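Below is one structure; the comments refer to it alone.
Naming: A, B, ... by sequence-line order, numbering from 1 per chain. Note: hydrogens, waters and symmetry copies are ignored here, and every other heavy atom, side chains too, is used. Quick caveat: nothing in here was measured; it's all calculated off a predicted structure.
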Amino acid sequence: MRYWLLKTEPNTYSWDDLKNEQNMTTTWEGVRNYQARNLIRDEIKEGDLAFFYHSVVKPMAIVGIVEIVRGAYPDHFALDPNHKYFDPKSRADKPTWYMMDVRAREEFIRPVTLTELKSHPLLSQMRLLQKGSRLSVQPVTPMEWRYICDLSQLRKV
DNA sequence: GCCAACGTTGGC
DNA sequence: GCCAACGTTGGC
């Protein structure tokens, strides 16, 4: 089982949005970056866990934990010409993009902010904290995972 | 609102 | 295959 971090802009899709979904489960579509695509398609497996990170908002923070409840399958939104995630290069018989399903599992009673993450030397190698790191799907090491979970209290959702 | 970093596009 | 131009991301 491996650990990940998923970025989202809460203006677009937030932790509260996820908690309000039926079964607190949503599709995770619209990833249009090849590096992130490769992680979804090749590395992320059902049962893996991921931090849910709010970007471009105050405060920027990890707010909860989701479980991957369905591994990679073709992103059908790429095939819909009327959808904002449409990509004319993707084809049904040869999909370019992949999506997955995630479910809210736990939330941080106190969100762990980007500022706080940066203040911990042991987290200095975190992908999220590297200059210019724009990847919206990132790996998290087991050490980083445990360390960050210990920074806040978790509660089941 | 700014702008550095990054990814993609397209002419050559 | 190179690389300049362009568009986007995302922290500040």
Side-chain angles (χ1 to χ4, degrees), chain A residues 2-21 26-44 48-68 71-102 104-141 143-152:
Chain A
R2 296 176 65 186
Y3 299 112
W4 309 94
L5 179 144
L6 302 179
K7 282 188 201 175
T8 180
E9 299 187 17
N11 288 338
T12 306
Y13 194 85
S14 71
W15 179 250
D16 281 343
D17 291 332
L18 176 58
K19 285 203 297 178
N20 286 330
E21 303 276 8
T26 186
T27 54
W28 203 257
E29 70 275 11
V31 173
R32 295 292 179 268
N33 169 285
Y34 286 102
Q35 252 185 292
R37 186 280 310 271
N38 291 346
L39 290 177
I40 291 174
R41 187 188 60 188
D42 306 331
E43 307 287 340
I44 301 179
D48 285 358
L49 298 176
F51 287 135
F52 197 94
Y53 175 76
H54 279 169
S55 67
V56 197
V57 69
K58 287 182 181 178
M60 291 172 277
I62 298 172
V63 294
I65 291 173
V66 297
E67 178 184 346
I68 313 306
Y73 58 103
D75 185 339
H76 53 82
F77 295 97
L79 304 174
D80 177 359
N82 297 316
H83 199 277
K84 63 174 175 173
Y85 292 138
F86 177 62
D87 177 6
K89 294 188 299 296
S90 193
R91 291 169 28 195
D93 58 338
K94 198 170 180 295
T96 304
W97 306 112
Y98 287 79
M99 57 197 282
M100 58 192 179
D101 295 352
V102 305
R105 281 301 182 204
E106 302 189 81
E107 76 182 5
F108 285 80
I109 290 173
R110 184 181 58 80
V112 177
T113 65
L114 182 61
T115 305
E116 184 176 358
L117 292 171
K118 285 179 172 172
S119 74
H120 292 273
L122 284 174
L123 298 177
S124 62
Q125 297 305 309
M126 248 191 112
R127 186 70 178 260
L128 184 70
L129 305 184
Q130 305 312 305
K131 191 181 174 88
S133 175
R134 291 168 26 174
L135 210 54
S136 65
V137 178
Q138 311 182 351
V140 173
T141 69
M143 185 281 282
E144 292 162 350
W145 183 271
R146 175 183 295 263
Y147 192 94
I148 292 168
C149 288
D150 286 347
L151 291 177
S152 182

Residue A:Met60, side-chain atoms from C-beta onward, closest of C:dG11, B:dG7, C:dG10: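 Looking only at side-chain atoms, A:Met60 lies closest to C:dG11.
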Picking from B:dG7, C:dG11, B:dA4, which would you name as closest to the side chain of A:Lys131?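 Looking only at side-chain atoms, A:Lys131 lies closest to B:dA4.
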What is the distance from [atom1] of [X] to [atom2] of [N], rounded to the nearest Å?
X: A:Leu135; N: B:dT8; atom1: CG; atom2: P; result: 11 Å
X: A:Asn33; N: B:dA5; atom1: CG; atom2: C1'; result: 13 Å
X: A:Glu116; N: C:dG11; atom1: CD; atom2: P; result: 16 Å
X: A:Glu9; N: C:dT9; atom1: CD; atom2: P; result: 7 Å
X: A:Asp87; N: B:dT8; atom1: CG; atom2: P; result: 11 Å
X: A:Lys58; N: B:dG1; atom1: NZ; atom2: C1'; result: 12 Å
X: A:Gln138; N: C:dG10; atom1: CD; atom2: P; result: 9 Å
X: A:Arg134; N: B:dT8; atom1: CZ; atom2: C1'; result: 10 Å

Any salt bridge between [X] and [Y], counting N to O under 4.0 Å?
X: A:Asp75; Y: A:Arg32; value: yes
X: A:Glu29; Y: A:Lys84; value: no
X: A:Glu107; Y: A:Lys19; value: yes

Looking only at side-chain N and O atoms, does A:Tyr53 come under 4.0 Å of OP1 or OP2 in C:dG11?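 Result: yes.
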What contact category does A:Lys118 fall into here, base, sugar-phosphate, or nothing, at under 4.0 angstrom with non-hydrogen atoms?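 Contact class for A:Lys118: sugar-phosphate only.
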Kindly say whether the aromatic ring centers of A:Phe52 and A:Trp28 come within a distance under 6.0 Å.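 Judged by ring-centre distance (under 6.0 Å), A:Phe52 and A:Trp28 do meet the cut-off.
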